[in-house]
Enquirer: 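Take this structure first; my questions come after.
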Protein chains: 2
Amino acid sequence: MEPLPFARALTHCDRCAVRKSSLCNRVCVDLQEELSRLSHHRTYCLGETVLGEMEAISFVGIVVSGVLRMQKSLEDGRQQLVGLLFQSDFFGRVFGGLSAHAIEAASDVTLCCYERRAFERLTERFPELEHQLMLSTLDELDAARNWMLLLGCQTTPERVASFLLMLCRRTGTNQWTPGANLSIYVPISRRDMASYLGTTGETISRVIHEMSRKGIIKIRNSQHFEVLNMRQLVKMSAREDLSTGLSSSIRSIAL
Amino acid sequence: MEPLPFARALTHCDRCAVRKSSLCNRVCVDLQEELSRLSHHRTYCLGETVLGEMEAISFVGIVVSGVLRMQKSLEDGRQQLVGLLFQSDFFGRVFGGLSAHAIEAASDVTLCCYERRAFERLTERFPELEHQLMLSTLDELDAARNWMLLLGCQTTPERVASFLLMLCRRTGTNQWTPGANLSIYVPISRRDMASYLGTTGETISRVIHEMSRKGIIKIRNSQHFEVLNMRQLVKMSAREDLSTGLSSSIRSIAL
DNA sequence: TCATCTCATTGATAGGGATCAACGCCGCCG
DNA sequence: CGGCGGCGTTGATCCCTATCAATGAGATGA
């Protein structure tokens with residue numbers, strides 16, 4: 001296709017897989033160009049540490065593919081997974097000194113990175129960039145408090161069901177067609193699930209197999225499930241509100 | 001005292017008790033004047049609802065005196081306290097539709113309020129206002145994730161000790177003098193403490209009296225404690241990191 | 001002043017889930 | 001190909017803490 005008159009040169013960002021859904025797409029063209037100039041990709045393998053806990057934050061960025069996990073640990077080694085980051089999520093903390101949590105690759109990942117100080121300087125010139133960050137930070141805060149509700153007063157089966165619904169919302173809904181069963185890919189290990197849900201791998205395993213026995217899900221393998229009864233899954237989560245985030249066609253089979 | 005030549009007229013904000021420590025003091029004078037013009041005080045009595053869960057957010061603001069609690073609930077009535085707001089903390093969510101949690105008066109409170117839409121328009125004209133909000137939102141996010149760590153993988157005694165340390169940091173340190181014991185005022189009920197810590201009132205009570213038996217604290221009455229052994233309290237919390245927030249003189253007796 | 005109500009405390013009991021242990025499965029590598 | 005190590009599963013046991021119940025203490029109001 002011919003470039004339009006006065007069209008800008010294409011950047012590597014124009015071919016980016018997450019361009020449409022990420023922060024980059026919600027800012028003006030000038031800023032997109034600046035961001036493009038600043039950005040560079042990095043890749044990490046499953047298990048690698050992107051940013052250590054209590055480490056100086058030298059860069060921030062956006063997840064292009066794969067999954068990141070954020071985790072905190074106690075001095076004695078106990079760990080808590082405090083969040084997962086999927087495609088097009090922003091990672092790393094701006095305007096801060098040391099990272100309050102580690103960021104690790106929960107799968108092989110590709111990240112689009114910005115040197116932190118440069119990115120911060122950009123927010124000074126472009127308030128809309130800071131505004132977009134603000135919006136996503138507020139969403140993360142809501143999500144964190146939602147998780148506090150889960151950790152503070154829900155039972156383990158409820159937590160597992162809630163977690164699966166969260167996965168549906170964040171990753172699963174795109175490739176679903178009415179009539180078929182919704183399939184869920186769990187991108188993390190049992191150990192990580194347990195850490196995220198404040199329980200143990202053994203208990204997770206028991207609960208999942210119990211759900212399978214009840215016909216709520218089908219276990220294809222340890223990472224792939226199929227939802228057989230969405231209504232039951234939502235009921236089990238005790239979180240009608242979580243179904244709000246599902247696409248409407250999926251929600252329809254849940255209620 | 002004579003006003004300086006060209007000095008601006010004093011506003012009610014200049015006499016505000018939290019002026020020095022709040023967001024207002026960290027922005028330019030022009031913005032301070034705008035904020036002053038927009039602000040009005042409201043008072044609520046213990047137990048009153050400031051903003052309901054799932055309610056449209058019509059105003060935001062700053063806590064002048066007293067304590068607010070933020071809480072979320074499940075459909076079946078279970079509740080989780082997801083945060084406490086003290087003097088000079090910002091409350092309410094900007095750039096959002098419905099409130100994700102209720103905000104209630106945990107004591108009699110005085111709030112400095114801004115009509116939400118007007119406040120948001122102000123952030124468009126003054127990026128530094130949004131920046132200050134951004135900084136406090138990031139801090140809240142860190143705090144929320146810290147609490148996830150507590151709820152997800154700490155025992156009840158650890159949680160109670162951590163909670164008391166948090167209170168020391170947020171409220172207790174100002175009126176402490178070396179030599180005296182640090183006194184802690186607990187501004188919320190056992191039920192609220194329990195909800196904040198993901199446990200029950202009965203368990204809280206047992207743990208506190210056990211701490212008293214061990215000589216870590218002295219119970220003046222159900223709301224007032226005295227720290228007899230800060231080192232033990234920190235150890236009990238399993239959170240050396242929480243002592244970082246204490247003033248250095250207090251930290252010194254802890255380590 | 002006494003009745004009443006709420007909140008905190010204390011005791012007894014039961015249950016959910018952590019812990020410990022063993023086994024199966026699978027990918028990796030010598 | 002066979003040993004090995006990590007992960008997931010399953011079983012047995014124990015303990016922490018939720019729950020139920022009763023009492024005490026302080027506040028409120030008639």
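Numbered from 1 within each chain, the chains take letters A, B, ... in sequence-line order. Heavy atoms only: backbone and side chains are in, while hydrogens, waters and symmetry mates are out.
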Enquirer: Looking at B/Phe59, does the NZ or CZ of B/Arg42 lie under 6.0 angstrom from its six-membered ring centre and within 45 degrees of the ring axis?
Expert: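 Yes, B/Arg42 and B/Phe59 form such a contact.
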Enquirer: Does B/Arg78 come within less than 4.0 Å of A/Glu158, counting only side-chain N to carboxylate O?
Expert: yes
Enquirer: Can you tell me if the side-chain N/O atoms of A/Ser205 get under 4.0 Å from OP1 or OP2 in D/dG8?
Expert: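 Result: no.
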Enquirer: Between A/His209 (NE2) and D/dG11 (P), how many Å, whole number?
Expert: 11 Å
Enquirer: Give the ring-plane orientation class for A/Tyr196 versus A/Phe163, where under 30° counts as parallel, over 60° as perpendicular and anything between as tilted.
Expert: perpendicular
Enquirer: Would you mind classifying the nucleic acid contact of B/Thr200 as base, sugar-phosphate or nothing, using non-hydrogen atoms under 4.0 angstrom?
Expert: base
Enquirer: Is the distance from OP1 or OP2 of D/dT17 to the nearest side-chain N or O of B/Thr199 less than 4.0 Å?
Expert: no
Enquirer: Nearest-Å distance, CE (B/Met193) to P (D/dA18)?
Expert: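 Taking atom P of D/dA18 as the reference, CE of B/Met193 is at 13 Å.
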Enquirer: Could you state the atom-to-atom distance from CD of B/Glu202 to C1' of D/dG24 in whole Å?
Expert: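 B/Glu202 atom CD is separated from D/dG24 atom C1' by 15 Å.
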Enquirer: Please tell me if A/Arg190 has a side-chain N or O lying less than 4.0 Å from either OP1 or OP2 of D/dT9.
Expert: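 Checking A/Arg190 against D/dT9: at least one side-chain N or O falls below 4.0 Å of OP1 or OP2.
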Enquirer: Looking at A/Val67, is its backbone amide N or carbonyl O close enough to the side chain of A/Ser107 to form a donor-acceptor pair, meaning the two atoms are under 3.5 Å apart?
Expert: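 Yes, A/Ser107 side chain to A/Val67 backbone: donor-acceptor pair under 3.5 Å.
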Enquirer: Counting only heavy atoms and a strict 4.0 angstrom limit, can you tell me which residues of residues 153-164 of chain A come near DNA chain D?
Expert: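 Listed by number, there are none.
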Enquirer: In whole Å, what is the span from the CD1 atom of A/Ile204 to the C1' atom of D/dC7?
Expert: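 Going from A/Ile204 (CD1) to D/dC7 (C1'), I get 14 Å.
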Enquirer: Does anyone know the first and last nucleotide of DNA chain C in reach of chain B, 5' to 3', at under 4.0 angstrom to a heavy atom?
Expert: C/dA8 to C/dA12
Enquirer: Using atom CZ of B/Arg191 as one end and atom P of D/dA18 as the other, report the distance to the nearest whole Å.
Expert: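 Atom-to-atom, B/Arg191 to D/dA18, this comes out as 13 Å.
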Enquirer: Look at atom CZ of B/Arg191 and say whether more than 12 heavy atoms of other residues, nucleotides or ligands are closer to it than 6.0 Å.
Expert: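 Count not over threshold, so no.
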Enquirer: Indicate, with a heavy-atom threshold strictly under 4.0 Å, whether B/Arg206 touches base, sugar-phosphate, or nothing.
Expert: base
Enquirer: Before accepting this row, confirm whether a basic side-chain N of the pair A/Arg93/B/Asp139 lies closer than 4.0 Å to the acidic partner's carboxylate O.
Expert: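 Answer for the salt bridge query: yes.
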Enquirer: Rounded to whole angstroms, how far apart are CG on A/Asp192 and P on D/dC7?
Expert: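 It works out to 10 Å between those atoms.
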Enquirer: How would you list, by chain and number, every residue that makes a side chain to side chain donor-acceptor pair (under 3.5 Å) with B/Thr110, sequence neighbours excluded?
Expert: B/Ser65
Enquirer: Using atom types as modelled and distance alone, determine if a side-chain donor or acceptor of A/Arg190 lies under 3.5 Å from a backbone N or O of A/Ser222.
Expert: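 Answer holds: yes.
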Enquirer: A/Gln71 and A/Glu104: side-chain donor and acceptor closer than 3.5 Å?
Expert: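 A pair is found: one side chain offers a donor N or O, the other an acceptor, under 3.5 Å apart.
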Enquirer: Taking CD from A/Glu210 and P from D/dT10, how many angstroms apart are they, rounded to a whole number?
Expert: 11 Å
